[in-house]
Every structure is written in C-alpha cells, then in structure tokens.
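Worth saying up front: this structure is predicted, and the values here are computed from it rather than measured.
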Amino acid sequence: MADGEGEEDEDDEEVAKRDLWRRVLAVAVVLVATLAVVLLWARPAHEPGAPALPPGGQPAASGNLNPTDFAFLQLMISLDNSALPLFDLLKDDAQLAGVVGPAATGHRDELAALRSALTAGGGVENASEHAGHDLPGMVLEDDLAAIRAAPAEQRLAAAVRVLREHFEGTTHLATSEGTAGSDTATKGAAERILAAHTKLLQALPAV
C-alpha cells in the first residue's frame, strides 16, 4: 500500500472517530436535559416541597442554558400559561381582586421575560411538552371546572385552593432554579417570580 493511501485511511478513521464522539456527546446532552425534567417533577402532583434539580456545571442543553435553566424555562412557561384562564375566570370576583388582577398582569410580563431568556439562550419553546400534565402548580381544565361547579358559598374556597397550589408550585420551581441554574437572565427571571408569587400567596384570603 502506498504511503499516501495509508495516510488517507488514517485521516478517514480520525474523521469517523470525531463524528462518533460528537454524536455521543449530543446524545449525552439530551439525556442530561431529560433527566433534569424527570427529577424536577418526580413527585406526586400538587405536593409541596422544592423539586430536585441536578447540580449546575453540566454541558449546556442549548446556547447559554444548562439543563436546569432549560427545564425551568419550559416548565415555568407552561405553568404560567396554564394559569391565565384561571385569572380570567376569577377576574370579576371582588374578594380576589387584589390577587387576580396583579397575578394576570404579572404572569403575562413573566411569560415575555421567560420566552426572551429561552430564545437568548438558544432554546426553542415547546408549548405541548407539559400542557395538560398534572404537575405541581399546573392549572388544569378539571380545576377550572371544579370552581365553576362549586356552590356559591364554596366557590371562594375552591378558587383559593387552586390559586394556592399554583403559586406554591411556581415558587418551589423558582427556588430550585435559583439554586441550580447558571444563566444570568434565567436566574433573574426566577428571582422576580419567586418574590412576586410569594407576595401573591401571602395576599390570598383565609378560607
């Protein structure tokens, strides 16, 4: 075999090895991001307690986002978005005006900030990934139906229960991002959400 042919074979082998390692790394990144989501919500729905996230320092899931950032943004977008019909349902309830009005405005502002952080970090929103899943803090159609069906004297209690579960879920999620996230914009959004939703929790009437 000529020296030139041998060198070409070696070059081909090196290229093949590099391609293989790139594929292995890509698969590993996807698996880490998927594990972050599974660990984050691997507990019974509507149960309080901070979700577990993997420590920072993992390979970025996309752009500047580590797996925790990416999981937080996708989940928080879904949670905030799920609450908008709830706020619309309760917008005329005088007993909840001090909570529902600020929450509706705040959630829309939060969604804009979350989507901006996701885009800036190289992520792509997947609106269907968590939609309709019974996750802590997710407002489901069943929750809305329960409020609509509640007798007049029980409607406030039913509404407060759903609001409380939503704000508890989002504050736990925001706390986890503050602990394990790495992206500055994402952590900043989580910090603001934690402060705002904690205030909303405290403003809920006692029932």
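Ile77 and Leu140 fall within a single hydrophobic cluster, where Ile, Leu, Val, Met, Phe, Trp and Tyr side chains are chained together by heavy-atom contacts under 4.5 Å. Both Val99 and Leu201 are members of a single hydrophobic cluster when ILVMFWY side chains are connected at heavy-atom separations under 4.5 Å. Tracing side-chain contacts under 4.5 Å through hydrophobic residues (I, L, V, M, F, W, Y), one reaches Leu84 starting from Leu79; they form part of the same cluster.
Nearest heavy atom pair, residue Phe70 against residue Gly123, reads CE1-CA, 4.1 Å. Heavy-atom minimum distance, Phe72 versus Ala174: CE1-CA, 3.8 Å. The heavy-atom pair separating Ile147 from Ala159 by the smallest distance is CD1-CA, 3.8 Å. Heavy atoms only, all atoms of each residue included: Asn64 and Ala120 are closest at ND2-O, 4.2 Å. Taking each heavy atom of Glu110 and Ala196 in turn, the nearest pair found is OE2-CB, 4.2 Å. When all heavy atoms of Val207 and Ala157 are compared, the closest pair comes out as CG2-CA, 3.9 Å.
In terms of the salt bridge (charged side-chain N to carboxylate O under 4.0 Å, His left out) criterion, residue partners of Lys91 (sequence neighbours excluded) are, by chain and number, Asp88. Shown here are the salt bridge (charged side-chain N to carboxylate O under 4.0 Å, His left out) partners of Asp93, two or more places apart in sequence or in another chain: Arg155.
Contact check on Arg148 versus Glu141 returns a salt bridge, with a Lys/Arg side-chain nitrogen under 4.0 Å from an Asp/Glu carboxylate oxygen. Between Glu177 and Lys187, no side-chain nitrogen of the basic residue sits less than 4.0 Å from a carboxylate oxygen of the acidic one, so the salt-bridge criterion is not met.
Here Leu73 contributes atom CG and Arg115 contributes atom CZ; the two are 11.5 Å apart, rounded to the nearest 0.5 Å. Atom CG of Leu156 is separated from atom CG of Leu204 by 9.5 Å, given to the nearest 0.5 angstrom.
Neither side chain, His197 nor Thr171, offers a donor N or O lying under 3.5 Å from an acceptor on the other. A donor-acceptor contact closer than 3.5 angstrom links the side chains of Ser182 and Asp69.
At least one donor-acceptor pair closer than 3.5 Å links the side chain of Thr170 to the backbone N or O of Phe167.
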